[in-house]
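Below is one structure, written out as structure tokens, with a few remarks after it.
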Amino acid sequence: MSIDSRLEVTPSESSTAGVNKHGYRSFALREFHFERDEYFVHLSWPTGTHVMSIDAFLRALQRDLAWNFFYGIVNFDGVFGTVNHYGTVDIFAGRYNDAYRKAELDHLENVDTEEIRDVFAAMLDDWTNAGFDPFASPSETGSAFGVKHGSNTEAVTRRRVVAARMVGLPGDEALRTDEDGHHVNRQFADVEQDEPEVHANDGYEDRVGAFNLAAYLSRSPVTWNPSIVSVCRDSLMCPTTEEYILPIMHGNDRAEWFVVLSDEIIWDVEDRDSGAKRAKVTMKPGDVSAMPADIRHQGYAPKRSMLLVWENASSELPDLIAAGKISPLPVEF
Ligand code: PHB
Ligand code: FE
């Protein structure tokens with residue numbers, strides 16, 4: 001075995017321009033550089049370097065991209081992540097980490113959303129091997145590791161469910177069925193699949209609807225991926241099915257509410273800016289929690305669970321909270 005692994009590169013391994021000896025492309029976004037090998041992503045920026053397990057990185061990258069950089073901050077871990085400014089995105093290292101800040105090793109670049117989207121999409125597609133689905137639970141997908149072998153473009157470009165009014169209404173997102181490939185998950189085999197009967201008065205057929213949310217969620221093929229199933233002005237109902245670990249630590253720019261509909265979810269809650277530990281919240285079916293706008297959170301689901309995330313999509317909230325005009329706390333007791 002060679003000490004300097006570069007000596008192991010043979011012409012055939014390194015023959016394709018821009019592809020490293022593991023078969024992967026390298027990427028740059030301004031002063032951030034991204035490189036992958038069999039197990040890890042290696043990040044670098046002018047004041048530092050960082051390493052993450054590639055499976056965790058791809059799971060976070062998949063969500064950041066699919067959610068169009070989400071609300072507020074998406075921490076891939078305690079060091080690296082993005083902040084959504086709805087038109088531009090900050091990409092940062094150490095910005096929300098007390099030790100990096102104090103040592104002045106943090107770094108941030110502000111880029112147009114399109115620019116980061118293009119780089120992240122190309123990176124996700126190139127670095128995801130055949131058989132690995134970053135949205136699937138670890139028990140229901142293959143491995144992210146190894147030298148480059150194939151791709152899974154269909155999975156990494158999957159369309160997100162975003163209802164205009166409500167799932168099941170005419171012209172809106174469809175219910176899930178066996179026929180369209182949405183089978184009941186192994187852990188939701190006991191969920192009843194009947195649908196409510198709707199008897200609308202004449203003329204109201206396209207304005208009245210109802211559907212079985214538990215049945216809909218039991219057929220979700222993905223984890224930690226809130227779908228927008230109903231919309232009332234800025235009020236978005238975003239249920240999701242959870243298993244294993246939420247791949248991001250979300251630092252929201254507004255309050256949000258969680259209702260656990262089945263099984264159990266444990267939340268780690270930290271200060272949004274420093275990462276200092278704030279709380280651990282264990283939620284059982286029927287429990288409701290309100291996440292303030294000055295924290296970040298990450299969830300753990302030991303068994304597949306149904307969670308309702310309730311978001312207020314008003315574009316005015318981040319500025320009102322940042323200016324201190326409204327409280328970061330959704331409720332005070
Ligand atoms: C969140 O960050 O609030 C979040 C994200 C994805 C989920 C659940 C919660 O599946
Ligand atoms: Fe959140």
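Order of listing sets the numbers, starting from 1, for every ligand and every atom in it. These values consider heavy atoms only, across backbone and side chains, with no hydrogens, waters or symmetry-generated copies.
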| query | Heavy-atom contacts under 4.0 Å between Trp67 and ligand 1: side chain, backbone, both, or neither? | reply |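 Within the 4.0 Å criterion, Trp67 contacts ligand 1 through side-chain atoms alone.
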| said: For Glu256, which part has a heavy atom under 4.0 Å from ligand 1: side chain, backbone, both, or neither? | reply: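 The answer is the side chain.
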Interfacing atoms of ligand 1 (cut-off 4.0 Å, heavy-atom, [X]):
X: Phe258; result: 3 (O)
X: Asn225; result: 10 (O)
X: His250; result: 1 (C), 2 (O), 3 (O)

| Non-hydrogen atom of Pro226 closer than 4.0 Å to ligand 1 |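 Flag set, Pro226 near ligand 1.
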| Should Met291 be listed as contacting ligand 1, given a heavy-atom distance under 4.0 Å as the test? |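 Contact check Met291 vs ligand 1: negative.
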| query | Are Glu270 and Lys277 close enough for a salt bridge, meaning some N to O gap below 4.0 Å? | reply |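 The answer is yes: the pair qualifies as a salt bridge.
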| query | Do the charged groups of Asp273 and Arg101 touch, with an N to O distance under 4.0 Å? | reply |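 So Asp273 does not pair with Arg101 through a salt bridge.
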With clusters defined by side-chain heavy atoms of hydrophobic residues (ILVMFWY) lying less than 4.5 Å apart, directly or transitively, does [Y] cluster with [X]?
X: Met249; Y: Leu246; answer: no
X: Phe76; Y: Val111; answer: yes
X: Phe27; Y: Trp45; answer: yes
X: Ile54; Y: Val119; answer: yes

| task | Mind running side chain to side chain donor-acceptor pair (under 3.5 Å) on Thr47 and Glu104 for me, showing each step along the way? | result | CA-CA 9 Å; Thr47 51; Glu104 298 182 0; over 6 Å; no
[atom]: which protein heavy atom is closest, and how many Å away?
atom: atom 1 (C) of ligand 1; value: His297 NE2, 3.4 Å
atom: atom 10 (O) of ligand 1; value: Glu242 OE2, 2.6 Å
atom: atom 4 (C) of ligand 1; value: Leu246 CD2, 3.9 Å

| query | Under 3.5 Å, N or O to N or O, is Trp267 touching ligand 1 that way? | reply |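 Such a contact does not occur with ligand 1.
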| message | Side chain or backbone, does Glu311 bring an N or O within less than 3.5 Å of an N or O on ligand 1? | response |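 Not met; the criterion fails.
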| said: Checking one value in my table: which N/O/S atom of His250 lies closest to the Fe ion (ligand 2)? | reply: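 The nearest such atom is ND1.
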| request: Compute the ring centroids of Phe34 and Trp127, then answer whether they are less than 6.0 Å apart. | output: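 Ring-ring flag for Phe34/Trp127: false, centres at least 6.0 Å apart.
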| task | Please calculate the NE2(His297)-the Fe ion (ligand 2)-OE2(Glu256) angle and round it to 10 degrees. | result |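 Between NE2 of His297 and OE2 of Glu256, at the Fe ion (ligand 2), the angle is about 100°.
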| request: Could you walk me through whether Glu316 and Lys325 pass the salt bridge (charged side-chain N to carboxylate O under 4.0 Å, His left out) test, one step at a time? | output: CA-CA 11 Å; Glu316 292 168 16; Lys325 291 190 180 142; over 6 Å; no
